[in-house]
Amino acid sequence: MTKRVAVLTGGGDAPGLNAVIRAIVRSAEREYNYEVIGFKDGFKGVIEDKVVFLSENDVSGILPKGGTILGTTNRDNPFDFPVGNGRTEDKSQECIDTIRKYADSLIVIGGDGTLSIGNKLYKMGLPVVGCPKTIDNDLRIKNSTTFGFDTAYAYATEALDRLHSTAESHHRIVCLEVMGRNAGWIALHAGIAGGADVILIPEIPFNYEKIIEKINERLSRNKKFSLIVVAEGAVPEGGNMIYQNQHSDDVPLRLGGIGNVIAQNLEKMTEREARAIVLGHLQRGGSPTAHDRILATRYGTAAMNLTAQEKYGNVVSLDNGMVVPVPLSEATNGIKTVEKNNELVKTARSIGISFGD
Ligand code: F6P
């Protein structure tokens with residue numbers, strides 16, 4: 001009998017999501033004679049019973065497309081589902097019943113939040129396989145990486161290249177604020193690839209005097225401009241992260257604004273012109289790089305393999321370049337941040353990049 005697997009994408013989008021969906025559908029049909037259905041807009045679509053059938057023709061042409069053809073949301077947790085007037089209800093069993101109505105199992109594609117929901121549903125008895133995605137690269141699993149990250153930091157690197165020439169022409173300090181939430185991976189990678197002078201990340205609190213030391217060192221070599229990459233979660237020593245909104249039950253906190261604060265403070269303290277640029281969702285939109293298309297395709301087929309082999313309760317992950325299953329509980333146990341003695345941090349320091357510490 002033909003089996004059927006359901007797929008959904010949850011959390012913030014990441015370049016490569018469509019490549020995963022395509023790989024799942026194609027390998028399901030070609031290797032396993034499985035049917036695939038998709039729920040629209042993550043778990044919200046499960047609660048609202050919004051289903052689409054996905055055949056090979058439906059996923060034709062989506063490999064290079066950013067976003068997700070299924071839609072997504074980073075709200076609407078079925079265990080804490082908003083039902084209006086600030087109230088929430090546990091809709092997890094309803095969610096399982098709806099998935100079971102259409103399919104034998106679920107492949108959940110998402111970051112730590114969505115995979116945690118997948119893990120809880122798995123523990124309640126739903127056959128679940130996870131596929132990790134995040135541009136932040138903060139998947140807990142050691143040495144692993146997620147699709148979307150390469151595209152995000154390649155874009156941030158290109159932005160730095162562009163800012164380089166204008167900063168140099170105007171003799172300015174330019175702060176580029178990049179995403180990453182509580183992890184500094186995008187800033188660290190883009191900063192090295194884009195030749196930044198200072199990289200500020202949440203894991204290494206910064207001190208304005210140290211940043212100015214770097215700017216002055218450059219001035220002493222007649223370099224009248226400086227490029228600073230700031231992770232949105234960067235914090236001054238003894239300070240706090242900056243958010244764009246207030247916390248409420250159904251709206252997650254959004255980081256952002258630190259780049260501007262740093263530029264304004266540096267302008268005052270150095271009496272040199274400074275500008276801030278926030279890269280924001282440009283890092284998430286658009287076509288995935290070739291690297292991310294390949295990784296997403298590998299993850300998609302591996303997730304389908306685990307499903308067909310009934311190896312539920314796992315996420316697909318990378319270990320030494322090989323795709324391997326890792327228990328969902330391991331992948332959802334916190335995030336992976338940049339360690340202070342990370343090899344890339346040491347490399348950056350060796351070539352004179354300051355971390356403002
Ligand atoms: O986790 C991915 C991410 O892009 C973070 O880097 C960023 O802080 C957050 O999502 C932004 O979320 P939203 O889509 O709600 O603006």
Side-chain angles (χ1 to χ4, degrees), residues 137 152-242 255-280 283 337-357:
N137 197 39
Y153 86 79
Y155 191 76
T157 302
E158 188 193 328
L160 275 174
D161 288 346
R162 287 169 184 268
L163 291 171
H164 211 116
S165 58
T166 172
E168 185 166 16
S169 306
H170 283 268
H171 317 299
R172 283 173 174 158
I173 299 163
V174 169
C175 298
L176 175 68
E177 182 182 305
V178 297
M179 282 185 164
R181 245 195 300 180
N182 298 316
W185 297 109
I186 296 177
L188 178 62
H189 281 71
I192 294 174
D197 306 300
V198 180
I199 299 174
L200 304 176
I201 58 176
E203 297 86 344
I204 306 178
F206 64 86
N207 176 321
Y208 281 103
E209 296 305 326
K210 296 288 177 185
I211 302 174
I212 294 169
E213 247 174 49
K214 180 70 199 175
I215 293 168
N216 287 339
E217 179 221 295
R218 288 176 54 73
L219 285 170
S220 71
R221 288 185 289 111
N222 209 26
K223 296 283 179 192
K224 295 181 184 146
F225 71 101
S226 288
L227 279 183
I228 304 177
V229 185
V230 187
E232 61 183 0
V235 277
E237 283 170 2
N240 294 314
M241 288 184 185
I242 296 180
L255 282 164
I258 184 71
N260 209 25
V261 171
I262 293 172
Q264 283 177 11
N265 284 336
L266 288 177
E267 192 164 85
K268 274 191 221 131
M269 293 164 97
T270 62
E271 295 181 354
R272 303 192 69 81
E273 258 197 302
R275 294 285 187 273
I277 292 90
V278 182
L279 213 49
Q283 292 155 96
T337 51
V338 179
E339 287 169 352
K340 289 191 176 67
N341 62 352
N342 177 283
E343 191 256 339
L344 272 185
V345 174
K346 288 197 216 157
T347 301
R349 289 194 196 276
S350 302
I351 59 164
I353 296 175
S354 164
F355 285 84
D357 62 336

So, using side chain to side chain contact (heavy atoms under 4.5 Å, CB included) as the criterion, who are the partners of [X] when residues are at least two apart?
X	answer
Thr347	Glu343
Asn341	Glu339, Lys346
Glu213	Lys210

Distance in Å, [X] [atom1] paired with [Y] [atom2], rounded so as to fall on 0.5 Å steps:
X	Y	atom1	atom2	value
Arg272	Asn216	CZ	CG	8.5 Å
Ser226	Ile215	OG	CD1	5.0 Å
Ser354	Ile212	OG	CD1	11.0 Å

Chi angles and distances behind the side-chain contact (heavy atoms from CB on, under 4.5 Å) call for Ile201, Thr337: CA-CA 10 Å; Ile201 58 176; Thr337 51; over 6 Å; no
Just list the side-chain donor-acceptor pairs under 3.5 Å for residues 176-191, sequence neighbours left out, or say none.
residue	atom	partner	partner atom	Å
Glu177	OE1	Gly257	N	3.2
Glu177	OE1	Ile258	N	3.2
Glu177	OE1	Gly259	N	2.8
Glu177	OE2	Gly257	N	3.3
Trp185	NE1	Lys336	O	2.9
His189	ND1	Trp185	O	3.0

Side-chain (Lys224) to main-chain (Leu219) donor-acceptor, under 3.5 angstrom: no
Sidechain-backbone polar pair: Lys214 side chain, Gly352 backbone, donor-acceptor under 3.5 Å: yes
Where at least one partner belongs to residues 186-200, residue pairs that pass salt bridge (charged side-chain N to carboxylate O under 4.0 Å, His left out), sequence neighbours excluded: Asp197-Arg218
Contact list for residues 347-357, test salt bridge (charged side-chain N to carboxylate O under 4.0 Å, His left out), sequence neighbours left out: Arg349-Asp357
Expected list for residues 260-269: side-chain donor-acceptor pairs under 3.5 angstrom, two or more places apart:
residue	atom	partner	partner atom	Å
Asn265	ND2	Tyr208	OH	2.9
Asn265	ND2	Val261	O	3.4
Glu267	OE2	Ala274	N	2.7

Kindly give the heavy-atom pair with the smallest separation between [X] and [Y], and that separation in Å.
X	Y	result
Lys340	Val345	O-CG1, 3.5 Å
Leu227	Gly194	CD1-O, 4.5 Å
Ala196	Val229	CB-CG2, 3.5 Å
Val338	Asn342	CG1-CB, 4.1 Å

Which residues share a salt bridge (Lys or Arg N to Asp or Glu O under 4.0 Å) with Arg172, sequence neighbours left out: Glu273
Glu158: partners by salt bridge (Lys or Arg N to Asp or Glu O under 4.0 Å), with sequence neighbours left out: Arg162
Side chain proximity check, Leu200 to Ile211, heavy atoms < 4.5 angstrom: yes
Pairwise side-chain contact, Thr166 with Val174, heavy-atom cut-off 4.5 Å (strictly under): no
Residue pairs involving residues 213-233 (criterion ring pair (Phe, Tyr, Trp, His ring centres under 6.0 Å); sequence neighbours excluded): His164-Phe225
Pairs where residues 337-357 contributes a residue and the test ring pair (Phe, Tyr, Trp, His ring centres under 6.0 Å) is met, not counting sequence neighbours: none
Worked verdict on Ile199 versus Ile192 for side-chain contact (heavy atoms from CB on, under 4.5 Å): CA-CA 8 Å; Ile199 299 174; Ile192 294 174; 4.3 Å; yes
Non-neighbouring partners of His171 that pass ring pair (Phe, Tyr, Trp, His ring centres under 6.0 Å), sequence neighbours left out: none
